[in-house]
Structure formats: structure tokens, C-alpha cells
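A quick write-up on the structure given underneath.
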Amino acid sequence: MQNVYSTLTSENLGNNSDIELRWAMKASDHAEVYFNLITSVEPRILRLTALDNEIYTKFRETFPDLKVDVLDEKELKSAESKEKWREFCEYFKEKVEDYNFGTLLRLNCKEDYSQENSIFCVRVQFLAIEIARNREGYNDELRYTHGKLTKPSDQRS
């Protein structure tokens, strides 16, 4: 029996609004789960994949100066940046499942997902930036600002 998905291509689907809606819903669900995770546990200890070390190392080799706390959408989408990201993503094509699946990424890591604070990217790009944010401490405050914890210095005796 032939897998129905093996015959689906972007050419024969066109701009199918039902598929676009399902994709957007899946990306939104992923964003909600991820945000709940990073606001509940210490982000520095999270492992998003078995390849976190490799993704982070390759990311910082490729983008040593990329500021990850507040992303500049224009910088990410420049012709030069797109080419570097394309090469970065293709490096992980056989290593990261669904490496090019559409995902939502927060522009400002101190804020929740919103229409103004989210862009679409591919999964391995999301992983690279969020692993960097977690390891470099940019997501640390979320447990206090958006989670259920109170900062130790804010507690009264």
C-alpha cells in the first residue's frame, strides 16, 4: 500500500489553505509547549535534542557575532544571512529530524510569543538560536517573569 504522503509535493498542493492552517496550528502548539517548558525549568540545563552540543558549536562557528537575545529580522533575512543559514541548515539535513519544518521563533527572548514578537523559521534555525539563548543565559529570567517562580531576592521573610 502506497503512503499517501509520499505523493504530496509543493507542486501538486499549491497554496492549500487547509494544509497551511494545519501547519500553522502545529507551529503554534510547538511554540506553546516550548514556552511552557522554558518558563517552568532552568533553561541552561535543557537539552532540546541529542545534538545540542553539535548544533551550538556549528551555530557559533557560523554566526559568532549573532546577537540572540533580541533578533533583528532584517539581519536574519538579508541575502548574506540567508545564504549562511541555508548552508547551516543543509549541514543538519540528515542529522535533525524535520530540520526544515516551519517553526515559530521569538524575536525578543524576554517576551512571550505574539504576532509582533514571532517570525517563522525552520526547525534547525529555531534549535540553534534557542540552544544559544538557553546556554548563554538569555532565557533564564523567564521562569520569574512569565513562570510561577518568585526570584529569591524578591521573597520576603
Side-chain angles (χ1 to χ4, degrees), residues 5 8-10 13-60 62-78 81-151:
Y5 296 109
L8 297 178
T9 65
S10 59
L13 287 175
N15 288 330
N16 185 313
S17 60
D18 185 48
I19 289 175
E20 288 178 8
L21 178 61
R22 287 183 194 185
W23 173 81
M25 288 172 55
K26 186 169 182 174
S28 178
D29 289 346
H30 174 267
E32 183 178 353
V33 167
Y34 180 68
F35 198 76
N36 286 338
L37 182 63
I38 60 175
T39 58
S40 300
V41 300
E42 187 176 346
R44 287 180 192 247
I45 63 169
L46 281 178
R47 288 190 51 105
L48 302 181
T49 74
L51 297 172
D52 282 13
N53 290 338
E54 184 177 359
I55 292 170
Y56 180 73
T57 300
K58 181 77 171 168
F59 171 68
R60 280 304 183 201
T62 308
F63 301 97
D65 300 319
L66 183 65
K67 186 178 167 201
V68 294
D69 58 339
V70 180
L71 299 170
D72 180 346
E73 187 174 5
K74 290 178 186 168
E75 180 183 342
L76 286 175
K77 294 184 178 185
S78 72
S81 183
K82 281 183 176 182
E83 184 55 36
K84 285 173 84 173
W85 275 112
R86 187 176 296 104
E87 290 176 21
F88 177 87
C89 294
E90 287 303 306
Y91 177 84
F92 289 100
K93 182 177 184 174
E94 302 298 324
K95 297 180 178 195
V96 175
E97 185 178 351
D98 297 329
Y99 81 106
N100 66 349
F101 188 81
T103 307
L104 291 172
L105 177 66
R106 294 169 299 130
L107 291 169
N108 183 337
C109 72
K110 303 267 186 249
E111 298 176 15
D112 198 345
Y113 287 92
S114 68
Q115 187 170 351
E116 300 78 26
N117 194 45
S118 303
I119 60 169
F120 289 109
C121 68
V122 294
R123 182 170 186 256
V124 74
Q125 186 176 28
F126 163 86
L127 290 169
I129 291 170
E130 286 298 336
I131 290 167
R133 285 175 168 174
N134 290 342
R135 289 189 175 196
E136 295 170 14
Y138 293 110
N139 283 334
D140 286 355
E141 291 293 313
L142 292 172
R143 293 182 306 146
Y144 306 110
T145 58
H146 290 81
K148 295 179 176 142
L149 292 179
T150 304
K151 277 188 177 180

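Numbering starts at 1 and runs along the sequence shown. We use all heavy atoms of the structure for the numbers below, so side chains are in, but hydrogens, waters and symmetry mates are not.
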Heavy atoms, side chains only, cut-off 4.5 Å: are [X] and [Y] in contact?
X: Val70; Y: Leu107; result: no
X: Lys93; Y: Glu90; result: yes
X: Asp69; Y: Asn108; result: no
X: Asn117; Y: Tyr113; result: no
X: Leu105; Y: Ser118; result: no
X: Leu48; Y: Ile55; result: no
X: Asp52; Y: Arg135; result: yes
X: Tyr99; Y: Glu94; result: no

ask   = Would you find more than 12 non-hydrogen atoms of other residues, nucleotides or ligands less than 6.0 Å from Lys84 atom NZ?
value = yes
message = I'd like to know whether Glu136 forms a side chain to side chain contact (heavy atoms under 4.5 Å, CB included) with Arg60, so could you lay out the CA-CA distance, the side-chain angles of the two residues, the decisive distance to 0.1 Å, and finally the verdict.
response = CA-CA 11 Å; Glu136 295 170 14; Arg60 280 304 183 201; 2.9 Å; yes
query = Are any of the side-chain nitrogens in Lys95 or Glu54 under 4.0 Å away from the carboxylate oxygens of its partner?
reply = yes
query = Between Arg86 and Glu83, does at least one N-O distance fall below 4.0 Å, as a salt bridge requires?
reply =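 Salt bridge present between Arg86 and Glu83.
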Provide the closest heavy-atom pair for [X] versus [Y] in the form atom of the first, atom of the second, distance.
X: Lys77; Y: Lys82; value: O-CE, 3.3 Å
X: Glu42; Y: Arg143; value: N-CD, 3.6 Å
X: Arg44; Y: Asp140; value: NE-OD2, 2.6 Å
X: Gly102; Y: Ala27; value: O-CB, 4.0 Å
X: Lys110; Y: Leu142; value: O-CD2, 3.7 Å

Point-to-point distance, once rounded to the nearest 0.5 Å, from [atom1] of [X] to [atom2] of [Y]:
X: Glu73; Y: Leu71; atom1: CD; atom2: CG; result: 9.5 Å
X: His146; Y: Glu111; atom1: NE2; atom2: CD; result: 7.0 Å
X: Ser28; Y: Leu104; atom1: OG; atom2: CG; result: 6.5 Å
X: Trp85; Y: Leu76; atom1: CH2; atom2: CG; result: 7.0 Å
X: Asn134; Y: Arg47; atom1: CG; atom2: CZ; result: 12.0 Å

request  = Kindly confirm or rule out a cation-pi arrangement of Lys26 over Phe101, judged by NZ or CZ under 6.0 Å from the six-membered ring centre and within 45° of its axis?
outcome  = yes
Kindly list each side-chain donor-acceptor pair under 3.5 angstrom involving residues 119-131, sequence neighbours excluded, with atom names and distances?
unit_1 : atom_1 : unit_2 : atom_2 : d
Arg123 : NH1    : Glu97  : O      : 2.7
Glu130 : OE1    : Tyr34  : OH     : 2.9
Glu130 : OE1    : Arg106 : NH2    : 3.2
Glu130 : OE1    : Asn139 : ND2    : 2.9
Glu130 : OE2    : Arg106 : NH2    : 3.1
Glu130 : OE2    : Arg133 : NH1    : 2.9

query = So, the side chain of Thr39 versus the backbone of Asn36: is there a donor-acceptor pair under 3.5 Å, distance only?
reply = yes
